[in-house]
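Presented below is the structure to which this report refers.
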Amino acid sequence: MQTVGRFAPSPSGRMHLGNVLCALLAWLSARHQNGAFLLRIEDLDAMRCPRSYADLIMDDLQWLGLDWDGAPVYQSARHPLYEDALRTLQRLTIDDSGAVTADATGNATPLIYPCFCSRADIRAASAPQEGDRFMIYPGTCRRLAETNPDEVRARLAQGRRHSLRIAMPASNSTIAFEDRVFGHQEFNVTREIGDSVVRRADGLFSYQLVVVVDDLAMGVDDIVRGRDLLRSNTLQIWIRQALTGSTDYSYAHLPLIDNASGQRLAKREKSLDMGILRKHGATPERVIGYCAWLLGLQGDPHSTHPQPMSAQEALTEFSWAKVRTDTADRSLDPQAFNTYFGL
Ligand code: GLU
């Protein structure tokens with residue numbers, strides 16, 4: 001079976017160097033196995049994702065020499081697919097042991113249940129959570145669905161505003177996977193993920209659901225992206241298991257890029273923005289060379305100076321064995337960066 005990789009940018013801005021780093025590694029991973037490489041524009045939240053940014057991302061990828069197969073997939077055009085997947089999940093139940101089945105006998109909990117809580121309710125009832133955009137849901141409406149389904153039906157009949165959540169196993173349950181950069185990963189999905197929104201109260205499907213549906217529909221099995229999605233990966237495995245029972249993917253999550261003072265670079269940190277780099281005369285080889293150097297693909301692992309190289313040259317150099325697996329976020333020295341790019 002041919003490997004299928006993908007790059008799935010959210011077009012809420014121009015690409016910056018961190019996005020290019022992920023795109024390059026995803027492309028290298030797929031292409032060095034003669035695999036397909038697909039492009040998915042994650043523009044589900046159309047208000048935040050004007051078409052012009054998607055066009056700029058594609059222009060930058062072409063300019064860099066990172067080609068993809070077939071037409072780009074736009075999430076904004078795929079609502080019926082997400083509706084179907086949601087309906088499939090809505091036919092399932094989860095029992096006390098965390099087993100997900102299609103037969104609704106006994107008093108199993110629906111796998112997907114309506115949640116009437118506001119963010120403020122959830123915040124008030126939860127212990128504070130650090131990082132990764134996770135706020136562990138305390139289970140209020142899950143208990144309601146289990147103990148008082150009539151009340152749930154009544155609220156729905158009244159048209160009460162609600163999101164939809166997917167239930168996680170209620171007793172401490174872990175999901176593990178091997179990551180090519182971060183190694184063995186294991187998360188307690190009960191405590192570290194919790195029941196998660198799959199459709200927001202405003203009707204928008206959640207990233208966590210659609211990414212699974214799209215990767216399945218597109219035949220993707222090679223996932224390379226930023227480490228901010230490392231923990232989310234277990235939620236995505238959980239959703240995929242519920243939809244298909246299959247989990248057989250390869251994963252690599254990449255450390256993020258920091259500036260020298262250790263602050264995570266925001267998406268539009270000026271000097272790392274592709275628009276700025278190109279305007280100042282950066283060549284594709286300079287950008288790819290810098291990213292290949294960050295990844296550890298440039299010969300001498302102790303070399304302190306990136307060398308320009310094309311995407312094709314990086315492909316010749318590429319092997320997973322060379323890719324740096326230190327998991328600290330990459331700290332860039334702004335002065336060396338500016339000198340290299342002539343800024
Ligand atoms: N669209 C997400 C982002 O730009 C990445 C999604 C993914 O690779 O799964 O952060």
Side-chain angles (χ1 to χ4, degrees), residues 6 8 10 40-49 73-95 98-105 108-119 122 133-137 139-146 149 151-170 175 189 193-220 223 229 232-247 249:
R6 47 72 158 181
S10 305
R40 180 169 72 236
I41 304 294
E42 301 213 322
D43 60 346
L44 202 60
D45 193 349
M47 299 290 281
R48 290 180 51 234
C49 300
V73 165
Y74 288 88
Q75 286 188 328
S76 54
R78 290 158 76 84
H79 281 263
L81 194 70
Y82 310 139
E83 297 281 359
D84 273 0
L86 180 61
R87 269 194 293 274
T88 302
L89 293 172
Q90 282 175 318
R91 286 193 282 270
L92 302 174
T93 57
I94 179 170
D95 69 16
V100 172
T101 51
D103 84 274
T105 53
T109 309
L111 184 65
I112 303 290
Y113 64 85
C115 174
F116 305 93
C117 299
S118 66
R119 281 184 77 80
I122 299 165
R133 291 178 282 180
F134 276 89
M135 189 158 66
I136 310 301
Y137 181 60
T140 320
C141 289
R142 175 170 176 160
R143 282 188 295 278
L144 190 69
E146 284 165 352
E151 170 65 17
V152 173
R153 272 189 287 275
R155 291 188 190 185
L156 291 176
Q158 292 158 13
R160 286 270 296 272
R161 189 175 163 83
H162 63 279
S163 61
L164 295 175
R165 285 185 186 270
I166 185 164
M168 304 304 278
I175 291 182
V189 292
I193 303 280
D195 295 358
S196 301
V197 171
V198 290
R199 200 184 67 194
R200 292 178 0 187
D202 63 5
L204 211 61
F205 287 104
S206 76
Y207 154 73
Q208 305 284 8
L209 174 67
V210 302
V211 71
V212 173
V213 174
D214 280 331
D215 282 337
L216 280 170
M218 294 163 73
V220 168
I223 293 188
L229 294 168
S232 292
N233 200 37
T234 53
L235 171 56
Q236 295 172 18
I237 289 172
W238 175 248
I239 298 174
R240 189 160 62 247
Q241 274 172 350
L243 281 170
T244 68
S246 107
T247 57
Y249 286 10

Counting C-beta onward and ignoring hydrogens, is there a side-chain heavy-atom pair between [X] and [Y] closer than 4.5 Å?
| X | Y | result |
| --- | --- | --- |
| L92 | T101 | no |
| R155 | H162 | no |
| P114 | L156 | yes |
| V212 | L243 | yes |
| L204 | R199 | no |
| D214 | R78 | yes |
| E42 | V211 | yes |

Looking only at non-hydrogen atoms, find the nearest pair between [X] and [Y] and report the distance.
| X | Y | answer |
| --- | --- | --- |
| Q75 | D43 | N-OD1, 3.1 Å |
| D195 | R165 | O-NH1, 2.9 Å |
| A217 | L81 | CB-CD2, 4.0 Å |
| M168 | V189 | CE-CB, 3.5 Å |
| W238 | G98 | CH2-O, 3.5 Å |
| L111 | A242 | CD2-CB, 3.9 Å |

Q. Can you name the residues that form a side-chain contact (heavy atoms from CB on, under 4.5 Å) with T140, not counting sequence neighbours?
A. C117, Y137, P138, R143
Q: Report the residues that fulfil side-chain contact (heavy atoms from CB on, under 4.5 Å) with A46, sequence neighbours left out, ordered by chain and then residue number.
A: none
Q: Return the set of residues passing side-chain hydrogen bond (donor to acceptor under 3.5 Å, both in side chains) with E83 (not counting sequence neighbours), or none when no residue passes.
A: none
Q: To the nearest 0.5 Å, tell me how far I193 CD1 sits from I166 CD1.
A: 11.5 Å
Q) If you round to the nearest 0.5 Å, how far is OH of Y207 from OG of S232? A) 6.0 Å
Q: Hey, can you tell me if Y82 and F205 have their rings parallel, tilted or perpendicular (30° and 60° cut-offs)?
A: perpendicular
Q) S196 side chain to G194 main-chain N or O, any donor-acceptor pair under 3.5 Å? A) yes
Q) Do any N or O atoms from the side chain of T93 and from the backbone of T109 form a donor-acceptor pair under 3.5 angstrom? A) no
Q | R240 to Y249 six-membered ring, cation-pi geometry met (6.0 Å, 45°) | A | yes
